[in-house]
There are 2 protein chains.
Amino acid sequence: MSMADIKHFDEAQALRRAMDLFWRRGYDGTSLQDLVDELGISRSSLYSTFGDKDELFRAALEHYCRVEAGPRHELLQRPGSVLDAIRDLLTGIAAAPTIHPDRRGCLVVNAAMERVPGDPETAAAVAAQLGRFESALLDAVRRGQRDGELDPGQDARSVARFLVTLVQGMRVVGKAAADPAMLEDVVGVALGAIRRVS
Amino acid sequence: MSMADIKHFDEAQALRRAMDLFWRRGYDGTSLQDLVDELGISRSSLYSTFGDKDELFRAALEHYCRVEAGPRHELLQRPGSVLDAIRDLLTGIAAAPTIHPDRRGCLVVNAAMERVPGDPETAAAVAAQLGRFESALLDAVRRGQRDGELDPGQDARSVARFLVTLVQGMRVVGKAAADPAMLEDVVGVALGAIRRVS
DNA sequence: AGTATCTTGGACTATGCGTTCCAAGTTCCC
DNA sequence: GGGAACTTGGAACGCATAGTCCAAGATACT
């Protein structure tokens, strides 16, 4: 293998920029020219490095799951109060529209709504991500029930699924309604729903 | 005004078919040729009747709100148990993926995710629809609290917003995950969250 | 220094898109 | 029956798109 095959650009940075572009404008809303301009590389390099538009989109989606969603799942494994961890998770999602006032929402939800049905690979990636979120929450809920913070009378898996679903709803509402107070109200009700009645 | 201006096609039926097409395939996923083929009318008639693609999409979205969402709001005004009405509402939405196995989801959510940001008119229509849903739920929640079915200790508006958000999440999960049991679990937890503790 | 190998930019291709336009056809009024 | 008003189908237009290709440049090994 010769060593003239050095890339003249930062592949990781290009992927990050592609993720950002797809996140803000969606799949159809992002043209190949947009990508060429924003990533700062030529079409040839884009195709030889990332494959076609579909592959790049999927890579961007995976990168999003790793960088954006991953830390939130780890937050649930934090030692100490599970209820606090879940509260932090939910308030963080409630604050997303404030952090990103451009109404970009969540790339996973955007991808699911725009690409399902019609792109089975993206559909599978989204379903897998929801599954990972559910199992991370399931562990946390079980721990919370053991620690006496969460209501032990509820089925842990149902509670985890409830939280997964609520978070996706917060993503939709955060993008569509853009009233920060609304999501804070929602968080309050949700926490009351899972807390142990004392 | 002369009377040679009779349409040779059923305008209401065409709008229904356009709604169905946008619902299944999204805005960008539906080409004007698709519309011409499915609606059974020519390009000229389409443009002279509905305006351009944006206008037709908005009309289809409004039609959806009237035909699909409207009856659900009225369901909440049903005499008798509010808790039963909310349960029926939620289980109906949980059953949506079974009724439409093609993973079409909800046109309002699809539209919001695909068109926001970038189409302020659609964004406004979606926000208005969420607002109508919230106020319909607010009336129901207040009634349920008066009747002693719902927990009167919770802020009624927060509960309404919670339900709005949860339903949007059920739309996302129903389209992305397609496990009917999952949403039934969610409904159970949600009903427990708002029910009066007896 | 020369050569082989790989990357790069940009021109190029083919296709599909939304929109416009016009001749032909149809209907009603006089 | 003649003419005005309107709808209709289909051709045509300009433009944007995703993807391909190739000459030119850069690098490392002999």
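These numbers come from the heavy atoms of this one structure, side chains and all, not from hydrogens, waters or symmetry mates. In this text, all values refer to a predicted model and were calculated from it rather than measured experimentally. Numbered from 1 within each chain, the chains take letters A, B, ... in sequence-line order.
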Colleague: Return the orientation label for the B:Phe57 and B:Tyr27 ring planes: parallel under 30°, perpendicular over 60°, tilted otherwise.
Modeller: perpendicular
Colleague: Could you tell me the separation between the CG atom of A:Asp28 and the C1' atom of C:dC17, rounded to a whole number of Å?
Modeller: 12 Å
Colleague: Could you state the CG-C1' distance from A:Leu46 to D:dT20, rounded to the nearest angstrom?
Modeller: 14 Å
Colleague: Holding to salt bridge (Lys or Arg N to Asp or Glu O under 4.0 Å), I want the full list of residues that pass it with A:Asp151, two or more places apart in sequence or in another chain.
Modeller: none
Colleague: Which is it for A:Arg25 and A:Asp102 under the salt bridge (charged side-chain N to carboxylate O under 4.0 Å, His left out) test, yes or no, and what are the steps along the way?
Modeller: CA-CA 10 Å; A:Arg25 302 202 215 157; A:Asp102 55 3; over 6 Å; no
Colleague: What's the closest nucleotide to the side chain of A:Ser44 if the choices are D:dG10, D:dC21, C:dT19?
Modeller: D:dC21
Colleague: To the nearest Å, how far apart are B:Asp10 CG and D:dT8 P?
Modeller: 12 Å
Colleague: In whole Å, I'd like the distance from the CD1 atom of A:Ile41 to the P atom of C:dT8.
Modeller: 8 Å
Colleague: Hey, does the side chain of A:Ser45 come within less than 4.0 Å of C:dT8's phosphate (OP1/OP2), counting only N and O?
Modeller: yes
Colleague: Just checking B:Thr49: base, sugar-phosphate only, or nothing, at a heavy-atom cut-off of under 4.0 Å?
Modeller: nothing
Colleague: Give me the ring orientation class for B:Trp23 and B:Tyr64: parallel if the planes are under 30° apart, tilted from 30 to 60°, perpendicular past 60°.
Modeller: perpendicular
Colleague: Rounded to whole Å, how long is the line connecting atom CG of B:Leu32 with atom P of D:dA16?
Modeller: 17 Å
Colleague: Counting only distance, no hydrogens or angles, is the base of D:dG10 paired donor-acceptor with the side chain of B:Arg43 under 3.5 Å?
Modeller: no
Colleague: Looking at A:Gln129, A:Arg157, A:Arg161, which one forms a side-chain hydrogen bond (donor to acceptor under 3.5 Å, both in side chains) with A:Glu134?
Modeller: A:Arg161
Colleague: Give the rounded distance in Å between these two atoms: CG of B:Asp37 and C1' of D:dG10.
Modeller: 13 Å
Colleague: Using whole Å, what does the distance between atom P of nucleotide C:dT7 and atom CZ of A:Phe9 come to?
Modeller: 9 Å
Colleague: Does B:Ser42 make a side-chain N or O approach to OP1 or OP2 of D:dG9 shorter than 4.0 Å?
Modeller: yes
Colleague: Would you mind reading off the distance between A:Asp54 atom CG and D:dG19 atom P, rounded to a whole angstrom?
Modeller: 7 Å
Colleague: Any side-chain N or O of B:Ser31 less than 4.0 Å from the OP1 or OP2 oxygen of C:dC17?
Modeller: yes
